[in-house]
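Keep in mind the model is a prediction, meaning the values are calculated, not measured.
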Amino acid sequence: MKPIRDSNICNNVEEAMNEFERGCIEFIGKEYIESLVSRFYTTGKRFIVKAGFDPTAPDLHLGHSVLLTKLATFQKYGGIVKFLIGDFTATIGDPSGKNETRKPLSFEEVAQNAKTYETQVFKILNPEFTDVCFNSKWLSSLGSVGIMQLTSHYSVARMMERDDFTKRYKDNLPISIVEFMYPLLQGYDSVALDCDIELGGGDQKFNLLVGRSLQRAYNCNKEQSVLTMPLLEGLDGVSKMSKSLNNYIALAEEPNSMYAKILSVSDTLMWRYYELISSKTLKEIEVIKQDVANHALHPKAAKEALALEITSRFHNEILAKQAQEEFNRIFSQKSLPSDMDSIYIQIDSWICKVLLDLGFSPSSSQARRDIKAGALQINEEKIKDDSYVFSQKGQYVIKLGKRKFAKIVVID
C-alpha cells in the first residue's frame, strides 16, 4: 500500500477514532489504537481485533449486531477480525451480570448452535478480513500443566473484584471454582490470538481486562486495548433486547416482519438504533437529526430509511423495498396482507385456543390479556370478550396487534 500524506493520515485516524468511540461505554488504551490505525494508513499493516460469542442459542438478534457492527467498523480502518466462537468456554458457563451459576452446555449443543453463527455474521462482517475461530483449538490442548500455570497468574482476591462474584459471596450464594476459570480462559484467548483490541458488552469489562493482564504475564509485548459497548434496548424501549422478553428482532427474521418491527420502535429509540447498528457515519446521522429537528424531514421518514437499511443488510434491497411496499399497503392503506396464514377450525372454537394454534400468543393467559387490552380484531371489529367463540360457519380475518393477521375458516 502506498504511503499517504501526513495530513490525510491525521484525518483518517481522527475519523476512525470518532467511529470507534461512537456509542461505546468505555475505551481503554486509545493511544495504542491510534498508533495501529496510523501504522495501517502509513504501511498497510493490519491489526487484530477480537470479540467472543458463546453459542448458547442458535439465532443472533439485532442486540448482537451492536458488536458485529463495531467489528465491521474496525475492519474499515485496518482491523482483521477474530470472530471467536467460544465452543470450549460455553461448556463452562459465564455468569457475568447474573447472580447465579449459568447452566453449561454440552459439546453437541454448542456445535449445533455454532453452525448458525457462521452463516449469520457475514451479513455484517467482511469475509476477506474475518477469521472465524473456535477456542477449543488451543484450550483443549492446554493440558493440566498449562491450566495450572494459567491459574498461577491470577489471585483469588483479584477474581473476587468482579461485581457478580462479590454480590453472590455476600449473599451466600454458591460460586464454583470452575467459574473462576471462565475469565482466565477468555483472557488466554487473547494470548493465543495475539490480540491488539478486544470488544465486549459492558458486563464483560472484568473479563476483557483479564486478557490485558495475561498478555503481560505471558510476555506478549502488548496489552490489548478494550472497548465496551452497551446492550441494545429491545422493541419495548426499556429492557435489553432478549428472546426471553420477546422484544427482539432476529437477524434471520423474514423481511416483512423485520421492516415492520423496526418501524414500531419509538422516535426516541430510533436514534439509539441509528447510533449503534446503522452503517451511516456520525456526520450522516447528525444531518438526519438536524433535518428532523428543523421539520425538513418527518421522523417517520427517518425511521423508514433505517428500516430499509437494516432489512437490506440482512436480506437484500429488493426484498427490503418489497417489505416497505407491503407495510404501506397494509398499514397506510389499511389493506390486508397478501400472504396471510389460513386455518380451518371447528365451530364453537374458543378464540384463545385459536390464537395459541396460530402462534399469535404463547399462552391462554397472554391471549386473554391481549384481548382485554383491545389488541384483537375479527373482521375489522374490535373484540374484548376473552370468552368469544366462533359460533357460525364462514370466513373470518383475525388481526392481533399491528402485525399478526390470519384467515379463519369455520367448519362443522
Side-chain angles (χ1 to χ4, degrees), residues 11 14-25 27 61-73 76-77 123-124 202 227-242 245 247-251 253-335 401-403:
N11 290 337
E14 182 181 3
E15 178 184 89
M17 295 305 293
N18 287 337
E19 289 295 333
F20 294 161
E21 290 190 71
R22 164 180 169 178
C24 79
I25 299 174
F27 205 167
H61 54 62
L62 282 189
H64 297 112
S65 76
V66 172
L67 277 186
L68 293 172
T69 301
K70 188 64 70 175
L71 288 172
T73 301
K76 179 181 176 181
Y77 296 102
K123 293 180 178 181
I124 299 178
L227 189 150
T228 57
M229 294 296 295
L231 301 174
L232 183 68
E233 293 87 353
L235 298 175
D236 56 6
V238 179
S239 303
K240 72 172 184 177
M241 188 170 286
S242 167
L245 297 175
N247 65 353
Y248 71 100
I249 304 174
L251 300 192
E253 192 107 20
E254 60 93 13
N256 290 358
S257 178
M258 178 176 282
Y259 183 88
K261 283 185 176 182
I262 295 171
L263 277 192
S264 74
V265 304
S266 69
D267 291 351
T268 301
L269 185 60
M270 166 180 67
W271 299 119
R272 180 76 160 166
Y273 279 44
Y274 260 116
E275 179 184 36
L276 294 179
I277 59 178
S278 171
S279 59
K280 294 186 183 299
T281 66
L282 290 171
K283 290 180 181 178
E284 290 171 332
I285 295 172
E286 187 57 34
V287 170
I288 297 172
K289 276 188 174 181
Q290 288 299 322
D291 285 346
V292 170
N294 296 332
H295 305 291
L297 182 70
H298 195 281
K300 183 175 182 290
K303 205 179 299 182
E304 287 175 336
L306 177 65
L308 270 176
E309 178 194 343
I310 301 303
T311 307
S312 297
R313 179 188 303 170
F314 295 107
H315 296 283
N316 58 55
E317 188 175 352
I318 293 175
L319 290 176
K321 288 183 177 178
Q322 288 176 352
Q324 182 182 43
E325 291 170 2
E326 181 77 349
F327 182 92
N328 290 338
R329 196 175 72 80
I330 298 170
F331 298 102
S332 299
Q333 302 170 19
K334 295 185 179 179
S335 302
K402 294 181 178 180
R403 295 184 295 272

Chemist: For residues K303 and D267, determine if any side-chain heavy atom of one lies less than 4.5 Å from a side-chain heavy atom of the other.
Modeler: yes
Chemist: Return yes if a side-chain donor-acceptor contact under 3.5 Å exists between S279 and E309, otherwise no.
Modeler: yes
Chemist: For S312 and L308, indicate whether the former's side chain and the latter's backbone hold a donor-acceptor pair under 3.5 Å.
Modeler: yes
Chemist: Show the nearest heavy-atom pair for residues N256 and E326, with the distance to one decimal.
Modeler: ND2-CG, 3.7 Å
Chemist: Where is the tightest heavy-atom contact between W271 and I288, given as atom of each residue plus distance?
Modeler: CH2-CG2, 3.7 Å
Chemist: Are the side chain of H315 and the backbone of E253 linked by a donor-acceptor contact shorter than 3.5 Å?
Modeler: yes
Chemist: Looking at Y248, does the NZ or CZ of K261 lie under 6.0 angstrom from its six-membered ring centre and within 45 degrees of the ring axis?
Modeler: yes
Chemist: If I compare all heavy atoms of Q324 with all of Y259, which pair ends up nearest, and what's the gap?
Modeler: CG-OH, 3.0 Å
Chemist: So, are R329 and E325 salt-bridged, with charged N and O less than 4.0 Å apart?
Modeler: no
Chemist: Do the side chains of I310 and Y273 get nearer than 4.5 Å, heavy atoms only?
Modeler: no
Chemist: Between R22 and E275, is there a donor-acceptor pair closer than 3.5 Å when you use the side chain of the first and the backbone of the second?
Modeler: yes
Chemist: Over all heavy atoms of both residues, which pair between N247 and S242 is shortest? Give the atoms and the distance, please.
Modeler: OD1-N, 2.8 Å
Chemist: Taking K280's backbone N and O only, do any of them form a donor-acceptor pair with Y274's side chain (distance below 3.5 Å, no angle check)?
Modeler: no
Chemist: Looking at P255 and T311, what are the two nearest heavy atoms and their distance?
Modeler: O-CG2, 3.9 Å
Chemist: Looking at Q290 and V287, would you say the former's side chain and the latter's main chain have a donor-acceptor pair under 3.5 Å?
Modeler: no
Chemist: Side chain of N294, backbone of A296: donor and acceptor closer than 3.5 Å?
Modeler: no
Chemist: Between T73 (side chain) and T69 (backbone), is there a donor-acceptor pair under 3.5 Å?
Modeler: yes
Chemist: Look at the side chain of T281 and the backbone N and O of E284, then say whether any donor-acceptor pair between them is shorter than 3.5 Å.
Modeler: yes
Chemist: Give me the atom names and distance for the closest heavy-atom approach of L306 to S278.
Modeler: CD1-CB, 4.3 Å
Chemist: With salt bridge (Lys or Arg N to Asp or Glu O under 4.0 Å) as the criterion, how do K240 and E233 come out once you've worked through the C-alpha distance, each side chain's angles and the decisive distance to 0.1 Å?
Modeler: CA-CA 4 Å; K240 72 172 184 177; E233 293 87 353; over 6 Å; no
